[in-house]
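Note sheet for the following structure.
Just so you know, these numbers come straight off a predicted model, no measurement behind them.
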Amino acid sequence: MSDVNITVIDREGSKHTVAAPTDMSMNLMELIRAYELAPEGTIGICGGMAMCASCQIYIINKEDSLPEKGEEEEAMLSEAFYVKDNSRLGCQIPITQEMDGLEFQIAPDK
């Protein structure tokens with residue numbers, strides 16, 4: 001098993017550094033859910049299909065280690081609330097070895 005360390009800032013502003021597996025085909029939305037860093041039912045409502053933006057996050061560092069936004073992600077972010085220049089959908093970002101040290105914040109849900 002190959003893990004990387006990722007820091008997640010929850011909606012209350014608390015930082016959590018977690019071990020994220022790179023060999024399980026997980027994405028950042030699933031990581032938030034696995035560690036229960038957001039209330040159940042507030043993250044990944046559409047099941048990771050880039051159709052709801054409930055998993056919107058703000059990338060703080062290592063943006064260059066992430067895949068580029070796809071058309072579906074761009075379209076959903078264009079309709080989402082609280083969007084910033086560093087907004088991404090966590091469901092569209094698979095966890096990779098290059099993400100070691102990544103830090104991101106979960107966007108507000110209200």
Side-chain angles (χ1 to χ4, degrees):
M1 188 173 197
S2 182
D3 292 349
V4 293
N5 290 317
I6 294 179
T7 300
V8 182
I9 303 170
D10 64 27
R11 290 182 174 135
E12 286 74 47
S14 298
K15 281 188 176 188
H16 309 268
T17 300
V18 299
T22 60
D23 59 353
M24 293 180 62
S25 299
M26 286 181 73
N27 59 48
L28 296 180
M29 179 266 299
E30 293 167 327
L31 183 72
I32 294 167
R33 291 171 91 177
Y35 281 96
E36 299 177 349
L37 299 176
E40 190 172 338
T42 66
I43 291 284
I45 295 167
C46 72
M49 303 298 293
M51 296 177 72
C52 71
S54 65
C55 65
Q56 182 185 176
I57 58 175
Y58 305 129
I59 304 299
I60 295 172
N61 67 355
K62 298 187 68 97
E63 266 188 275
D64 57 337
S65 70
L66 307 179
E68 289 190 30
K69 292 177 192 168
E71 288 180 29
E72 296 88 6
E73 183 177 6
E74 289 276 8
M76 191 66 251
L77 286 171
S78 73
E79 298 177 18
F81 297 106
Y82 312 111
V83 175
K84 298 181 180 182
D85 289 341
N86 60 342
S87 287
R88 294 294 304 265
L89 297 181
C91 69
Q92 299 300 300
I93 304 174
I95 298 169
T96 64
Q97 207 59 50
E98 294 76 32
M99 292 179 169
D100 193 39
L102 176 71
E103 187 170 331
F104 69 87
Q105 181 173 7
I106 304 170
D109 65 338
K110 303 176 186 157

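- Within a 6.0 Å radius of CD in Glu36, other residues, nucleotides and ligands contribute 12 heavy atoms or fewer.
- Remark: the backbone N or O of Thr17 is not paired with any side-chain donor or acceptor of Tyr35 at under 3.5 angstrom.
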Kindly indicate, with the supporting measurements, whether the criterion side chain to side chain contact (heavy atoms under 4.5 Å, CB included) is fulfilled by Ile59 and Leu102.
-> CA-CA 8 Å; Ile59 304 299; Leu102 176 71; 4.1 Å; yes
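- Follow the hydrophobic side-chain contacts under 4.5 Å out from Ile93 and you never reach Leu89; the two are in separate clusters.
- Here the closest heavy-atom approach between residue Cys46 and residue Cys52 is recorded as N-SG, 3.5 Å.
- Residues Cys91 and Gly48 approach most closely at CB-CA, 3.5 Å, considering heavy atoms.
- Shown here for Glu30 and Ser25, the closest heavy-atom pair between the two residues is OE1-O, 3.8 Å.
- Grouped by direct or indirect side-chain proximity (heavy atoms under 4.5 Å, Ile/Leu/Val/Met/Phe/Trp/Tyr only), Met49 sits with Met51.
- The two residues Ser54 and Ile45 make their nearest non-hydrogen contact at OG-N, 3.0 Å.
- The CG atom of Asn86 sits 11.0 Å away from the CG atom of Leu66 when rounded to the nearest 0.5 Å.
- The heavy-atom pair separating Thr42 from Arg11 by the smallest distance is OG1-NH1, 3.1 Å.
- Asn61 contributes a side-chain N or O that, together with a main-chain N or O of Gly101, makes up a donor-acceptor pair within less than 3.5 Å.
- Linking ILVMFWY residues whenever their side-chain heavy atoms come closer than 4.5 Å, directly or via other members, leaves Phe104 and Met76 in distinct clusters.
- Thr22 and Thr96 share no side-chain donor-acceptor pair at under 3.5 Å.
- For Glu74, the side-chain contact (heavy atoms from CB on, under 4.5 Å) test picks out Lys69, with sequence neighbours left out.
- Residues in residues 79-103 take part in these salt bridge (charged side-chain N to carboxylate O under 4.0 Å, His left out) pairs, two or more places apart or across chains: Lys15-Glu103, Glu73-Arg88.
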